[in-house]
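See below for the structure under consideration.
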Amino acid sequence: MNAKMGTITFIEHDGTEHEVEFVDGSSLMELATSNGVPGIDGDCGGEASCGTCHVIVDDAWIAVAGTRSDVERQMIEMSPECAANSRLACQLKACPDLDGLKVRLPEFQM
Amino acid sequence: MTERVVIVGAGHASAQVCASLRRDGWSGEILLIGDEPSLPYQRPPLSKAFLAGESTLADLLIRKPEFYEKEHIVFRRGRVTGIDRDAATVGLDDGETLGYDKLVLCTGARPRPLPVPGAELAGVHDLRDVADAQSIRSGLATAGRAVVIGGGYIGLEAAASLRKLGLAVTVLELADRVLQRVTTPRISAFYDRVHREEGIDLRLGTGVVALEGDGRVTGVRLADDEVIATDLVVVGVGVVPNVELAQAAGLTVDDGIAVDAHGRTEDPAVFAAGDCTSYVDARSGCRLRLECVANAVEQAKTVSATICGHDRSISALPWFWSDQFDLKLQIAGLSTGYDETVLRGDPDTGRSFACFYFAEGRLIAADCVNRAQDFMFSKRAIAEGLSPDRGLLADSDTQLASLLQASSTGGG
Ligand SMILES: Cc1cc2nc3c(=O)[nH]c(=O)nc-3n(C[C@H](O)[C@H](O)[C@H](O)COP(=O)(O)OP(=O)(O)OC[C@H]3O[C@@H](n4cnc5c(N)ncnc54)[C@H](O)[C@@H]3O)c2cc1C
Ligand code: FES
């Protein structure tokens, strides 16, 4: 087993929190699906093709996590729940700098 | 005694059944039986990034091994050879018999065999599982030429990946256009153009009569007797659903294993999901057998909910994607039955456009090439039953978001 690199908290739309530890540079989508976090489907396996891994990064973290790329923008902006800090979880890789990151989930994935 | 769900087949549908059962509150045993060595993995990259050497098997796993451990889901490698519905048991190829309270069939589909002499030669490959993709990859070091038989999505994706790796690639298609079974003539014409521009030798209306070689394939003989020399053949001529287990157990098979809107077969203890099933689509009223991840996931979620006593029916819009060269195609909905198309962008010149399909004034489907925004717009507009203004939709200056608010939900 690799050493723990950090923790990320996924907050469901109803407020339920899921703390997930990470040990490598998996994407947030992989972390969520492999830890049974409800509300992230990741149907395309992380190719930014399906849009079922929408998350909203906590304001305090957006500078570190970075804003969405052009492809993410195109995929997310049609969602009725799109927010300023919306990202695709499959395009956001865990790294030591993100230890403690909090992301919120929309009510529905598109 | 705790109750036990047995899932047959460890692919996309079963991975989702596993995850959904725990979310939906199933606290009993979950036993996943699969005949491939690996836990469920993504098949789509097999003809795309994985074939091109850009990812590994570990990258393909749908969920990591820790997930199954944590959720107490037992993976058992083996092949189910029979179902005894009266005894509620399944038999395995190693002779063991296992009982179930609920049985979910997620047996998927297998490649349609190419019915010509020589199909068993070394160097001739199907492309369905990771073993197929690995054996294609392992032959690449010494291969300069490849022939792909079949111009469907998998054939064209394989052709693009092999071309990217520097091989000279010929694609042979029996029909008079590529993607004939799965898309409209306009999209076929677009992919025809791009494949030729990328240097693929694309031959339509071309039948194969034999694969030739002494132990290993060296040539493909065509109906007109021409022989195309090659080092490698990839066969992508469609799939057949794995329905034999269900059939032998006396369950109804209508193209696929027949399930209702809740994923049930006629046996209240037996369910099915994914490529092996057919069901009556509520939108079109037609019986469909779909071969895509979105369908596998949607049916799996429905089966899980039904098992756990929640009311859910198969409803999410089917969608699909395909990566070839620098093109990302995203398809929302099913275009069958369209009576009008609207184009946004020009498929005859560039490499970015969307083609929207309407039936009786309502948007039913869209093919979007390098237009993620148009795809997401379509997913939402179709699901909401909108009838966006065709003129505005065709106008590239229109902001798509504005059509979500303005369009009527009526029939025209
Ligand atoms: C190369 C390729 C590219 C693709 N690209 C796309 C794409 O871009 N987008 C998309 O949406 N879809 C794509 N698909 C289709 C997609 O992969 C399938 O729709 C999906 O895998 C269906 O999931 P499933 O669980 O129904 O079946 P499968 O994933 O096929 O899983 C079925 C499993 O059951 C096993 N099995 C069968 N019978 C038994 C038995 N008796 N006992 C034990 N195990 C058994 C099989 O070996 C297999 O492992 C692609 C498929 C391939 C092969
Ligand atoms: S997993 Fe499909 S877009 Fe992120």
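Lettering of chains follows the sequences in order, A, B, ..., and the numbering in each one begins at 1. The figures that follow rest on heavy atoms only: side chains count, while hydrogens, waters and symmetry mates do not.
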So for [X], is it side chain, backbone, both, or neither that comes closer than 4.5 Å to the heavy atoms of chain A?
X	answer
B:Phe375	side chain
B:Asp323	side chain
B:Arg22	neither
B:Lys328	side chain
B:Leu60	neither

Least distance between heavy atoms, [X] atom then [Y] atom:
X	Y	answer
B:Val17	B:Cys106	CG2-SG, 4.3 Å
A:Arg68	A:Cys82	NH2-SG, 3.8 Å
B:Gly345	B:Phe353	C-CB, 3.8 Å
B:Arg128	B:Asp132	N-OD2, 2.8 Å

(message) So if I take each residue of residues 301-316 of chain B and look for any heavy atom under 4.5 Å from a heavy atom in chain A, which residues do I end up with?
(response) B:Lys301
(request) Against chain B, work out which of A:Gly36, A:Cys50, A:Gly42 has the most heavy-atom pairs shorter than 4.5 Å and name it. (result)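 Looking at each of A:Gly36, A:Cys50, A:Gly42 in turn, A:Cys50 comes out on top.
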(message) Shorter than 4.5 Å, heavy atoms on both sides: which option in A:Gly45, A:Cys44, A:Gly51 has the most such pairs with chain B?
(response) A:Cys44
(request) Heavy-atom pairs under 4.5 Å with chain A are the metric here; pick the option from B:Ala296, B:Ala372, B:Ala381 that has the most. (result) B:Ala372
(message) Pairing donors with acceptors under 3.5 angstrom, does anything connect the side chains of A:Gln91 and A:Ser27?
(response) no
(request) Would you check if there is a donor-acceptor pair between the side chains of A:Glu77 and A:Ser79 at a distance under 3.5 Å? (result) no
(request) Find out whether the Lys NZ or Arg CZ of B:Arg43 is both under 6.0 angstrom from the six-membered ring centre of B:Tyr41 and within 45° of the ring's axis. (result) yes
(request) Determine whether B:Val293 and B:Val297 make a side-chain contact, defined as any pair of heavy atoms from C-beta on separated by less than 4.5 Å. (result)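 Contact flag for B:Val293/B:Val297 side chains = yes.
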(request) Can you spot which of B:Gln330, B:Glu157, B:Lys48 makes a side-chain hydrogen bond (donor to acceptor under 3.5 Å, both in side chains) with B:Ser322? (result) B:Glu157
(request) Answer yes or no: is there an ion pair linking B:Asp374 with B:Arg344, defined by an N-O contact shorter than 4.0 Å? (result)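 Answer for the salt bridge query: yes.
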